Amino acid sequence: MQTDVHVAAEETRTDGSSTLLETLRTAVRLVPRQITDEVELAKLELADKKSRLGGIAIAAGIAVVFLALLVIALTVAAIAGLATVMPLWLSALLVSAALALVIAISAFIAVRKSKAVMPIVPEHAWRGIRHDLGIARQGRDFDPSTLVVPELSREEKKARAAAAAAEKAAAEAERAAKAAEHGPTASTEELLKRTDARRAHLLELREEIVQEADIKKQAGYFIDTAVAKTRQKATSVAGDAVEHGRELAGQAAEVARERWKPLAVLAVSAAVCAVLLRKLARK
C-alpha cells in the first residue's frame with residue numbers, strides 16, 4: 001500500500017491557527033496528489049470497462065461467425081436453386097463467379113479510396129506546424145529541407161524499429177521499477193476513500209483560505225501591525241531622545257563645572273581676604 005493511503009496521518013494540520021501561506025502550501029501539495037489518484041481511479045475504471053468490452057467483443061464475434069454461416073447457407077441455397085434448371089457444377093460456378101465479382105469490385109473501390117486519403121495525417125498542415133516550430137526555435141537559421149523525410153531502406157527501417165522496441169522496453173522497465181518503489185497499486189476502494197478524504201480536506205483548506213484572505217481582516221491585520229510597529233518606533237525614538245537629553249545635560253553640567261570652578265575659588269578667596277582685612281581693621 002502506498003505511503004499516503006492514510007490521509008489523516010500525513011496531511012492534517014498540526015496548528016489550528018495556521019497562516020494563509022501555510023494553508024496555500026498545503027493546498028498546493030494536496031492538489032497534485034488528488035489529480036494523481038483521480039488518474040489512477042480513471043485507469044482502474046477503464047480497465048474494468050475494458051474487461052466488459054471483452055465480453056461484448058466475444059458476443060459480436062459470435063454474431064459475425066453466424067452471419068458468415070448465414071451467407072454460406074444462402075449461397076448454398078442459391079446454388080441448389082440454380083441446380084434445378086442447370087447442372088450443379090454450373091450453378092456453383094455461376095454463384096462463385098458472382099461472389100468473386102462483388103469482392104473484386106469492393107476491393108478495387110477500397111484500394112482507390114485508401115490511396116486517395118493516404119497518408120492519414122494531414123501532410124501540409126503537419127509540415128506547416130513543424131515549419132512554424134522550427135522558425136520559433138531557430139529563426140532564420142532554420143533549414144526547411146530538414147522537414148523532408150528521407151526514404152529509408154529496408155535495413156534502416158529494421159534498425160529504427162529495433163531501436164524503438166528497445167526504447168519501449170526500457171520505458172516499460174523504468175515504469176515497473178517506479179511501481180516497485182511505490183509498492184503495490186491501490187485498489188479502487190482505497191482510491192475512492194483516499195480521494196474522498198483529501199477532497200474534504202481541500203474543502204476545509206478552501207474555506208480557510210477564503211476566510212484568511214478576507215480583505216477587511218487582512219487590512220485590519222496590516223493596520224494593527226503598522227500601529228504596533230509605529231508605537232514601538234515612537235517609544236524607541238522617545239527613549240533615545242531622553243537618553244540623548246540626559247547626555248547633553250551631563251555634558252553641559254560638566255562644562256559649566258569646568259568653567260565656573262576657578263571663578264568660584266576666586267570668589268571664596270576674595271571673601272576670606274575681605275573677612276581677614278575687616279578683622280585686622282577692627283584691631
Side-chain angles (χ1 to χ4, degrees), residues 1-5 28-29 31-65 67-68 71 96 99-188 190-191 194-195:
M1 185 177 296
Q2 296 181 357
T3 57
D4 59 347
V5 172
V28 170
R29 188 178 70 251
V31 168
R33 297 183 181 181
Q34 184 74 359
I35 294 174
T36 302
D37 285 344
E38 293 289 352
V39 172
E40 291 294 332
L41 183 60
K43 288 182 179 179
L44 291 177
E45 291 182 355
L46 288 176
D48 182 52
K49 292 182 181 296
K50 184 178 179 181
S51 63
R52 296 181 181 180
L53 288 175
I56 298 174
I58 292 174
I62 294 173
V64 170
V65 170
L67 178 62
V71 172
S96 299
L99 293 176
L101 181 61
V102 172
I103 293 172
I105 294 173
S106 301
F108 177 73
I109 294 174
V111 169
R112 289 195 61 181
K113 288 185 177 296
S114 62
K115 287 183 178 180
V117 299
M118 292 299 290
I120 299 176
V121 178
E123 184 177 359
H124 296 289
W126 177 237
R127 180 185 176 90
I129 292 173
R130 293 169 59 196
H131 198 167
D132 295 338
L133 291 175
I135 291 176
R137 288 195 303 265
Q138 302 178 10
R140 295 186 180 276
D141 296 333
F142 178 69
D143 186 9
S145 62
T146 57
L147 299 176
V148 180
V149 180
E151 291 291 336
L152 300 177
S153 62
R154 182 176 299 178
E155 289 76 10
E156 291 175 344
K157 291 180 180 180
K158 289 182 178 179
R160 181 169 294 186
E167 291 180 359
K168 184 178 180 181
E172 291 291 339
E174 185 178 358
R175 283 196 293 269
K178 289 183 179 180
E181 290 179 359
H182 293 291
T185 306
S187 62
T188 304
E190 292 174 351
L191 287 174
R194 187 190 304 171
T195 53

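Note that the coordinates shown come from a computational prediction; the quantities given were computed from them, not determined experimentally.
- Remark: the backbone N or O of I103 is not paired with any side-chain donor or acceptor of S106 at under 3.5 angstrom.
- In this structure, CZ in R137 is found 11.0 Å from CG in D132, a value given to the nearest 0.5 Å.
- The distance from atom CG of L41 to atom CG of L46, rounded to the nearest 0.5 Å, is 9.5 Å.
- To the nearest 0.5 Å, atoms NZ (K158) and CD (E155) are separated by 6.5 Å.
- Note that CD of E45 is 9.0 Å distant from CD of E38, once rounded to the nearest 0.5 Å.
- Nearest approach of L44 to L191, heavy atoms of both residues: CD1-CD1, 3.4 Å.
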